[in-house]
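Below you'll find the structure, written out as C-alpha cells, and then a few comments.
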Amino acid sequence: MSSTVIPHCFKNFTPVRFAEGQNNIFQNELLSGIGAKYGKTVAQVILRWHIQPGVVTIPKSVRKERIAENFDVWDFTLSEEDIAAITAMDSGKSEIIDHFTAGTAKALNGWKIHR
C-alpha cells in the first residue's frame with residue numbers, strides 16, 4: 001500500500017465529527033445557514049460535506065422520511081467557501097471515542113469479531 005494512502009485514509013475518516021447529533025449539531029447556525037442557501041437540511045449539508053470529496057459515508061436512520069432525505073444530497077454542490085467553513089468546525093478530536101489512546105487500543109483489541 002502506498003505511503004500516501006494511509007495518512008489520506010485517516011485524514012478523511014471522519015464518522016464522528018458530526019455523529020449522533022452531539023453538541024446540538026443539527027441546530028448549528030453555520031450549518032443551518034448553509035442549508036438554507038441550498039434548500040437543504042443540516043443533515044444533508046453534513047452528508048454532502050463528506051460525500052463531495054469522495055469520503056464513503058454511511059448515514060444511520062430508522063425513519064422512512066430521514067432515509068429518503070439522506071438520499072437527496074446529489075442535486076447540489078457545496079461551494080469551496082462552505083466546505084472551508086464546515087471544515088474549520090473540526091475540533092481535532094472525536095466526540096465519541098479517542099482513537100489515539102492506549103486505553104482505546106486495548107479495548108478495541110479485546111473485541112472478538114470472528115467466531
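Quick caveat, the model's predicted, so the values are computed rather than measured.
Annotation: the span from Arg48 atom CZ to Asp82 atom CG amounts to 12.0 Å, rounded to 0.5 Å. Expressed to the nearest 0.5 Å, how far CD1 of Ile34 lies from CD of Glu29 amounts to 12.0 Å. Rounded to the nearest 0.5 angstrom, Gln44 CD and Arg66 CZ are separated by 11.0 Å.
The heavy-atom pair separating Ser61 from Asn70 by the smallest distance is CB-ND2, 4.1 Å. Closest approach of Leu78 and Val45 over heavy atoms only: CD1-O, 4.0 Å. Of all heavy-atom pairs between Phe71 and Trp74, the closest is O-CD1, 3.1 Å. The two residues Trp49 and Thr87 make their nearest non-hydrogen contact at NE1-OG1, 3.1 Å. The minimum heavy-atom distance linking Glu69 with Ala43 is given by the pair OE2-CB, 3.8 Å.
Proximity of Asn28 to Val42: side-chain heavy atoms (C-beta onward) are nowhere separated by under 4.5 Å. Val73 is not listed as a side-chain neighbour of Lys40, based on a closest heavy-atom distance of 4.5 Å or more.
Leu30 is connected to Phe76 through a chain of hydrophobic side-chain contacts under 4.5 Å among Ile, Leu, Val, Met, Phe, Trp and Tyr, so both are in one cluster. Residues Phe26 and Ile67 do not share a hydrophobic cluster, defined by chaining ILVMFWY side chains whose heavy atoms lie under 4.5 Å apart.
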